[in-house]
Every structure is written in C-alpha cells, then in structure tokens.
Trainee: 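Here it is, the structure in full.
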Amino acid sequence: MQYDDIIFRDELIIFYKDKKYGVYKLSKEPKYKKTGIRKDNFLEITNEKNQQGWLDLATNTEYYN
C-alpha cells in the first residue's frame with residue numbers, strides 16, 4: 001500500500017492517504033480527518049463527520065465528545 005505521507009509522532013506511526021489519517025497497526029485504511037495531541041493512551045481525533053473525540057490506543061475504541 002502506498003501512502004501520501006508517514007508521520008512519526010509521540011511514539012506512534014500516523015499515515016496519511018487520500019486526505020485521511022490512520023494509526024499504523026490499529027487500522028489498515030485511514031479514516032480520520034484529523035489527529036491531534038496524544039495524552040497517555042489516548043489520541044485526539046476528528047472523524048469524517050467532524051465529530052471530535054479520543055481514540056484509546058490500547059483497545060482501539062473511539063470515544064466522541
């Protein structure tokens with residue numbers, strides 16, 4: 001699979017393809033419009049519907065505000 005960009009941030013590998021982000025090993029296809037800061041085991045995310053929330057990196061569970 002080819003990516004438009006690969007970013008190493010806060011000990012995570014974030015990939016970017018077709019204007020969406022994904023987290024390596026947690027997803028094969030990107031699905032987030034935006035990723036933000038990491039706090040412990042949580043990564044700030046914005047999905048395609050502009051819902052903001054957090055991704056639990058340990059369980060791969062999304063929590064929206």
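When a residue number appears, it is its place in the shown sequence, counting from 1. Just so you know, these numbers come straight off a predicted model, no measurement behind them.
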Trainee: Applying side chain to side chain contact (heavy atoms under 4.5 Å, CB included) to T46 and Q51, what does each step give before you reach the verdict?
Mentor: CA-CA 5 Å; T46 303; Q51 294 174 300; over 6 Å; no
Trainee: Quick one: CD on E44 to CZ on F42, what's the gap to the nearest 0.5 Å?
Mentor: 13.0 Å
Trainee: What residues, two or more places apart in sequence or in another chain, satisfy side-chain contact (heavy atoms from CB on, under 4.5 Å) together with L26?
Mentor: V23, L55, L57, N60
Trainee: Could you go step by step and tell me if L12 and R38 meet the side chain to side chain contact (heavy atoms under 4.5 Å, CB included) rule?
Mentor: CA-CA 9 Å; L12 294 173; R38 178 181 181 178; 3.6 Å; yes
Trainee: Going through the checks in order, is the side-chain hydrogen bond (donor to acceptor under 3.5 Å, both in side chains) test met by K31 and N47?
Mentor: CA-CA 7 Å; K31 63 184 206 175; N47 69 12; over 6 Å; no
Trainee: Flag the pair S27 / Y32 as yes when at least one side-chain heavy-atom distance between them is below 4.5 Å, and no otherwise.
Mentor: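 No, their side chains stay 4.5 Å or more apart.
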Trainee: List in chain and number order the residues that pass salt bridge (Lys or Arg N to Asp or Glu O under 4.0 Å) with E48, two or more places apart in sequence or in another chain; answer none if no residue qualifies.
Mentor: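 E48: salt bridge (Lys or Arg N to Asp or Glu O under 4.0 Å) contacts with K20.
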Trainee: Nearest 0.5 Å, please: how far is CD1 in I13 from OH in Y24?
Mentor: 6.5 Å
Trainee: Is there a side chain to side chain contact (heavy atoms under 4.5 Å, CB included) between N41 and D56 once you walk through the steps?
Mentor: CA-CA 6 Å; N41 239 20; D56 184 337; 4.0 Å; yes
Trainee: Apply side chain to side chain donor-acceptor pair (under 3.5 Å) to Y21 and list each qualifying residue two or more places apart in sequence or on a separate chain.
Mentor: none
Trainee: Let's go through I45 and E62 carefully: what are the C-alpha distance in whole Å and the side-chain angles of both, what is the deciding distance for side chain to side chain contact (heavy atoms under 4.5 Å, CB included) to 0.1 Å, and is it a yes or a no?
Mentor: CA-CA 9 Å; I45 55 171; E62 299 166 339; 4.1 Å; yes
Trainee: Just by distance, do the side chain of D4 and the backbone of D18 share a donor-acceptor pair under 3.5 Å?
Mentor: yes
Trainee: Give a yes or no on whether Y63 and I37 share a hydrophobic cluster (residues Ile, Leu, Val, Met, Phe, Trp, Tyr; joining criterion: side-chain heavy atoms under 4.5 Å apart).
Mentor: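 Shared cluster, yes.
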Trainee: What is the minimum heavy-atom distance between P30 and G22, and which atoms define it?
Mentor: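 Looking at all heavy atoms of both residues, the shortest contact is CB-N, 3.8 Å.
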Trainee: Roughly how far, to the nearest 0.5 Å, is CH2 of W54 from CG of D40?
Mentor: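 Between atom CG of D40 and atom CH2 of W54 there are 10.0 Å.
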Trainee: If you count every heavy atom of other residues, nucleotides or ligands that lies below 6.0 Å from Y64 atom OH, does the total exceed 12?
Mentor: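 Result for OH/Y64: enclosed.
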